[in-house]
2 protein chains.
Amino acid sequence: MTLAYPLNDARVAPPPAALTGVMDRLGVRAGHAKDTEIYAQGDDVQYLYRVVSGVVRTTRLTCDGRRQVGDFYYPGDLFGLEPGPDHRFAAEALSDCVVQSVRRTTVRTMAGDAELDRAILEATSREMARLQDHVLLLGRKSAREKVAGFLMQLAQRQPGGAVMLPMGRQDMADYLGLTIETVSRMLTQLQGDLIVEFPSSRRFQVKQWDALEDLAA
Amino acid sequence: MTLAYPLNDARVAPPPAALTGVMDRLGVRAGHAKDTEIYAQGDDVQYLYRVVSGVVRTTRLTCDGRRQVGDFYYPGDLFGLEPGPDHRFAAEALSDCVVQSVRRTTVRTMAGDAELDRAILEATSREMARLQDHVLLLGRKSAREKVAGFLMQLAQRQPGGAVMLPMGRQDMADYLGLTIETVSRMLTQLQGDLIVEFPSSRRFQVKQWDALEDLAA
DNA sequence: ATTGGCGCTTGACGGAGATCAAGGTCGCGG
DNA sequence: CCGCGACCTTGATCTCCGTCAAGCGCCAAT
């Protein structure tokens, strides 16, 4: 029995081969301008999507206007994998981006091969792992830990020197269950502790990986 | 496009037929005493489980001892449906309980029928819906709203008059990302507002369903 | 170069919820 | 019936983070 859960590679690993194959062959490309909706909260779940370029975020709005960001999707990531008949989260273009999509029914009829069913299951499972991590993050972590954990996730995706932050402070805040002010304060604090360095507000570099890992807990 | 998300029936609906069939035929029953582990965090994912009697909780521990409760499972519910090769949450008997299990590999070889694959997918999807709701709950709700929402969930499961609370205050707190004191205060507050009534600490009755729904948002 | 606007940071302050510390209640074994 | 222990509630205080309000830096349009 392990007790430490330092990193979740669900976020890094590529999607299952069977799905990328279908996407490659049948995916229809469409461009989406920054901050436009790809599908809305409440829409029927009909398509399966893949990011080609740019970044996508999923969000959910409560009736009184509070916003929760579900996740961010990068080139190569699948999204729109939702269980129910309708989308509980909306998907929006975080930046100008290109997205491929195929009808779910197409995917299903292409199947019969359990191969593809299993691939969807695997992709869904990966989505679940993200959600589980998100639950722990939101439920039991301090602001500082949340922000540190978030930066670590990003840095894992873009290994090497400088890491880009495609999203603004508000998106981070809504992902972490914080306010922009708190996010900003934690960032300057982490920078003050020489754990991370921000040459500009949308770009950073990890200075002490071990300290960041410790914090993210 | 709908904006309000009052209730999630994922929690109420029965599991897919194909799986209950396999469980009925092949499930091996085992008793578990209160507060004992059914599987541990980090264990290999090998079985699929179903609650026969009693209640099960899933929990995750951070290295520094903070605890997050994943969910509570009632008779008829499937659990142990986790994506990765190892369990990220442990499962424990909340009360003395009886649990049925089948090997995943058994389930898989029984398949080939896509029927069963789809059933697992559906069950997994339902699990995801729970997680999505949990994320919203933890990220963007006040203590009062969290507790109200929790009570509503329970009441939906056990329609009719008195609702039992199988779990203690600590388990509620760890599910909601709060402390026992805060949970307790919110309960007395909700009772003071005549929204709900506690004849004893482990049993309650909803007095104003509409007010409770409003609160849960 | 000037201006305006937007996104980010910073400060001062207040409040929701955590922490610390007693009690209270209930159920069980003696 | 009594007493012990686990669980729950309640109160006092503290602290982290949210709120409110400037101020700053950067880019784009005039």
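A, B, ... follow the sequence lines: proteins, then strands. Residue 1 opens every chain. As a basis for the values below, the full set of heavy atoms in this structure was taken, side chains included, without hydrogen atoms, waters or symmetry mates.
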query: Atom CD of A/Gln191 to atom C1' of C/dT10: distance rounded to whole Å?
result: 14 Å
message: I want to check one thing: is the phosphate of D/dG18, taken as OP1 and OP2, less than 4.0 Å away from some side-chain N or O of A/Thr179?
response: yes
query: Less than 4.0 Å between a side-chain N and a carboxylate O, is that true for B/Arg88 and A/Asp133?
result: yes
- request: Grab the NZ-P distance between A/Lys34 and C/dC6 for me, whole Å please.
  value: 13 Å
- prompt: Taking atom types as they are modelled, is there a donor-acceptor pair under 3.5 Å from the base of D/dC8 to the side chain of B/Gln170?
  reply: no
query: Closer than 4.0 Å, any side-chain N/O of B/Ser201 to the OP1 or OP2 of D/dC7?
result: no
- prompt: What is the distance, rounded to the nearest whole Å, between atom CZ of A/Arg203 and atom P of C/dC8?
  reply: 14 Å
message: What's B/Thr188 touching, base or sugar-phosphate or nothing? Going by heavy atoms closer than 4.0 Å.
response: sugar-phosphate
- prompt: Taking atom P of C/dG7 as reference, at what distance in whole Å does atom CG of A/Leu94 sit?
  reply: 12 Å
task: With DNA chain C as reference, determine whether A/Arg140 or A/Val183 sits nearer its 5' end, using the nearest nucleotide of each.
output: A/Val183
message: As a quick check of understanding, evaluate side-chain hydrogen bond (donor to acceptor under 3.5 Å, both in side chains) for B/Gln41 and B/His87, giving each step before the final call.
response: CA-CA 5 Å; B/Gln41 199 170 328; B/His87 283 294; over 6 Å; no
field: D/dT19 base / A/Arg185 side chain donor-acceptor hit below 3.5 Å
entry: yes
field: Quiz item: B/Arg144 side-chain donor-acceptor pair to C/dG17 base, under 3.5 Å
entry: no
statement: When rounded to whole Å, the CD1 to P distance for the pair A/Ile180 and C/dC8 reads 8 Å
Toward the 5' end of DNA chain D, by each residue's nearest nucleotide, A/Ser142 or B/Gly168: B/Gly168
message: So that I can tick it off, tell me whether A/Asp171 and A/Arg169 are bridged by a salt bridge, with the cut-off set at under 4.0 angstrom between side-chain N and carboxylate O.
response: no
message: I'd like to know if the side chain of B/Arg50 pairs up with that of B/Gln100 as donor and acceptor (distance under 3.5 Å, no hydrogens or angles considered).
response: yes
message: Between A/Thr188 and A/Gln191, does the side-chain hydrogen bond (donor to acceptor under 3.5 Å, both in side chains) criterion hold? Intermediate values first, please.
response: CA-CA 5 Å; A/Thr188 50; A/Gln191 197 174 196; over 6 Å; no
message: Whole angstroms only, please: what is the CG-P distance between A/Asp35 and C/dC6?
response: 13 Å
field: Short side-chain N/O contact to D/dT9 OP1/OP2 from B/Ser184, under 4.0 Å
entry: yes
- prompt: To the nearest angstrom, how far is A/Leu190 atom CG from C/dT9 atom P?
  reply: 12 Å
- prompt: When the distance from CD of A/Glu181 to P of C/dA12 is rounded to whole Å, what number comes out?
  reply: 15 Å
